[in-house]
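Note: hydrogens, waters and symmetry copies are ignored here, and every other heavy atom, side chains too, is used. Order of the sequence lines fixes the chain letters, A, B, ..., with proteins taken first and strands second; residue numbering starts at 1 for each chain.
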Amino acid sequence: AGLEPGPPARPRGRPLQPPRPAELLLLLSCPAFRAHFARLFGGEAAEQWHFASAAPDDEVSEDEEEDQLRALGWFALLSVRPGPEEEAEERGPAMAVAPLGAVPKGAPLLACGSPFGAFCPDIFLNTLSRGVLSNAAGPLLLTDARCLPGTEGGGVFAARPPGALVALVAAPLCWKAREWVGLTLLCAAAPLLRAARAALGRLHPGAAALAALLPPEMGAPWGMPLRDPGPPWAAAAAMVECGTVWGSGVAVAPRLVVTCRHVAPRKAARVLVRFTTPKSAMIWGRVVFATQETSPYDIAVVSLEEDLDGVPKPVPTEHFHEGEAVSVVGFGVFGQACGPSVTTGILSAVVQVDDTPVMLQTTCAVHGGSSGGPLFSTCSGDLLGIVASNTRDNNTGATYPHLNFSIPITVLQPALQKYSQTGDLGGFLELDRATEPVRVVWRLQRPLAEAPRSKL
Amino acid sequence: MGRQWGPAMRAAEQAGCVVSASRAGLPEADSWSCSGVILSRSPGLVLCHGGIFTPFLRAGSGALTAAGAAFLPGDSCGDDLRLHVQWGPTAASPAGRAERGRPGLCTPQC
């Protein structure tokens with residue numbers, strides 16, 4: 001159906017204010033945002049990234065796309081002539097702004113925008129979407145809250161500090177190598193409003209007075225740390241590099257990291273493991289075990305040459321609860337150009353063979369490079385599994401980030417424990433001896449109801 | 001949504017707006033629009049995305065990537081730019097007040 005505006009309707013029961021005339025005061029951008037954007041998405045990477053509000057296959061002229069890219073990090077400050085109601089309201093800012101860095105990765109965010117802009121405000125004005133802060137590079141932020149074209153400029157608010165404005169939507173849709181990444185690009189509000197204050201001061205004498213109306217940045221209550229440390233479990237994620245291949249991993253013991261076989265396939269190979277929080281650390285290790293190609297469990301185990309100081313070791317879970325809130329932490333999308341990304345969703349399926357969980361599925365956004373990374377219970381921080389892959393449709397070639405597969409930690413835990421305590425790798429050999437029904441599951445095949453009977 | 005979202009939802013609902021840019025003399029249907037944030041109500045200050053202004057830039061979108069350009073004054077856009085901002089009910093508007101007053105409604109016994 002085409003998108004044609006219908007007659008005004010009041011289905012949400014809230015009469016909108018009539019549109020008010022406004023005047024453009026200035027266009028502004030945040031230099032630090034543009035610098036990080038050029039670093040992460042410019043240069044060689046530019047070919048791969050696409051931010052236009054239309055899908056890569058839609059007809060958008062190159063000029064139009066170039067305009068959109070140039071304007072991506074720009075925002076506009078408007079003055080709006082108040083109506084009688086606004087005259088009655090008290091003066092002054094309507095909200096507070098979270099300082100840059102006050103909201104950590106993994107923290108919940110609420111995006112508020114109007115999909116399709118002014119097309120049908122009765123239906124779409126101030127539509128909400130929830131997610132988390134997935135990644136940050138200076139004032140360039142990413143969230144996995146779903147946003148649509150038309151929400152550019154919409155506000156993104158934090159649960160903590162309560163109701164603080166954190167950012168504005170810069171690009172609702174990001175496409176990498178023609179695939180939707182499922183992350184929305186944001187510009188942090190605090191540096192943007194600082195830029196606005198500076199610009200108003202240089203505009204004309206009357207404009208400087210407007211700077212006092214801009215919402216203030218929140219200070220930290222006395223004695224309280226401003227920076228919320230965020231979920232401690234996220235720090236267990238590591239980037240794993242083996243030769244030219246890189247992926248993600250998770251620390252499961254002081255000298256032990258688990259990743260995927262397709263990240264570190266060769267036994268005895270040297271591997272570099274990087275952690276970014278609480279402090280950046282690089283440690284060499286060796287692959288002590290990697291499953292065979294024929295094993296359904298795509299797993300490799302790396303023994304480090306030194307202890308992991310200060311990196312939390314997550315608690316492996318013993319139970320899985322379909323529907324529970326989960327988080328994936330991995331180095332997909334940006335690799336080492338940025339720290340790990342956090343995306344959230346729910347545990348959408350626990351596939352079992354003979355009452356034993358052998359595969360987990362989630363709705364988190366999982367990208368190439370996230371393989372080997374940890375899947376956590378968002379509430380408890382327990383380690384649920386090791387991310388192995390997302391989904392690709394072999395017919396169309398399309399990739400689906402929000403349907404992905406992890407290996408339950410309960411499959412690995414006995415072998416990990418045995419190796420940590422005795423150095424015996426024997427337990428891991430079981431992973432190469434998985435039964436045929438488990439293989440069928442991981443080949444995404446339908447299990448045969450019963451073995452076909454011979455007709456001889 | 002849980003209690004933790006109360007303040008964020010109130011802030012979002014109060015601050016959210018939609019901005020449309022059109023050319024003087026042309027039908028509204030040919031407008032560009034995006035979302036925005038109401039920073040102050042009286043006087044009214046709104047922050048929205050700059051993408052809807054590129055068709056109106058006198059020097060074209062190249063002005064946005066000119067070296068050192070951190071801001072552009074309002075008159076960087078042509079005189080035929082018409083802007084409108086629309087938002088939902090506020091505490092001050094009668095409809096908003098009525099909503100807030102809803103707990104006062106009662107169901108008199110017949």
Among [options], which has the most heavy-atom pairs under 4.5 Å with chain B?
{"options": "A/V156, A/T151, A/L193", "answer": "A/T151"}
{"options": "A/L27, A/L77, A/V80, A/L109", "answer": "A/L27"}
{"options": "A/A195, A/G113, A/A164, A/A118", "answer": "A/A118"}
{"options": "A/G155, A/C112, A/A159", "answer": "A/A159"}
{"options": "A/A76, A/A170, A/G163", "answer": "A/A76"}
{"options": "A/C30, A/A199, A/P161", "answer": "A/A199"}

Might you point out which heavy atoms bring [X] and [Y] nearest each other, and give the distance in Å?
{"X": "B/C77", "Y": "A/L24", "answer": "SG-CD2, 3.7 Å"}
{"X": "A/R70", "Y": "B/T65", "answer": "CG-CG2, 3.6 Å"}
{"X": "B/Q86", "Y": "A/P121", "answer": "OE1-CG, 3.4 Å"}
{"X": "A/N126", "Y": "B/C17", "answer": "OD1-N, 3.7 Å"}
{"X": "A/L125", "Y": "B/G88", "answer": "CD2-N, 3.4 Å"}
{"X": "A/P19", "Y": "B/H84", "answer": "CB-CB, 4.1 Å"}

Considering only heavy atoms and a distance below 4.5 Å, find which of [options] pairs most often with chain A.
{"options": "B/G16, B/P7, B/A12, B/P55", "result": "B/A12"}
{"options": "B/V19, B/I52, B/L45, B/V46", "result": "B/V46"}
{"options": "B/S35, B/G36, B/A70, B/P73", "result": "B/S35"}

In this structure, OG of B/S20 is separated from CZ of A/F119 (nearest 0.5 Å) by 13.5 Å
Please tell me if the side chains of [X] and [Y] come closer than 4.5 Å, counting only heavy atoms from C-beta onward.
{"X": "B/L47", "Y": "A/L28", "value": "yes"}
{"X": "B/V37", "Y": "A/F75", "value": "no"}
{"X": "A/W74", "Y": "B/L72", "value": "yes"}

Item to check | Flag if over 12 foreign heavy atoms under 6.0 Å of CZ, B/R23 | outcome: yes
Whatever's closer than 4.5 Å to a heavy atom in chain A on B/S76 counts as neither
Those residues at least two apart in sequence (or on a different chain) that pass salt bridge (Lys or Arg N to Asp or Glu O under 4.0 Å) with A/R202 are none
Honestly, the part of A/P108 sitting under 4.5 Å from a heavy atom of chain B is both
If one checks every heavy atom of A/V169 against chain B at 4.5 Å, the contacting part turns out to be backbone
Next on the checklist: Under the criterion side chain to side chain contact (heavy atoms under 4.5 Å, CB included), I'd like the reasoning laid out for A/L78 against B/C48: C-alpha separation, chi angles, the key distance, then a yes or no.
Outcome noted: CA-CA 8 Å; A/L78 315 181; B/C48 73; 4.2 Å; yes
The side-chain contact (heavy atoms from CB on, under 4.5 Å) partners of B/A8 (sequence neighbours excluded) come to A/L110, A/F157, B/W5
*Apply side chain to side chain contact (heavy atoms under 4.5 Å, CB included) to the pair A/F124 and B/V18, showing each step before the final yes or no.*
CA-CA 10 Å; A/F124 296 126; B/V18 68; over 6 Å; no
Notebook entry, point to check: Between the main-chain N or O of A/L72 and the side-chain N or O of B/H49, is there a donor-acceptor pair closer than 3.5 Å?
Noted result: yes
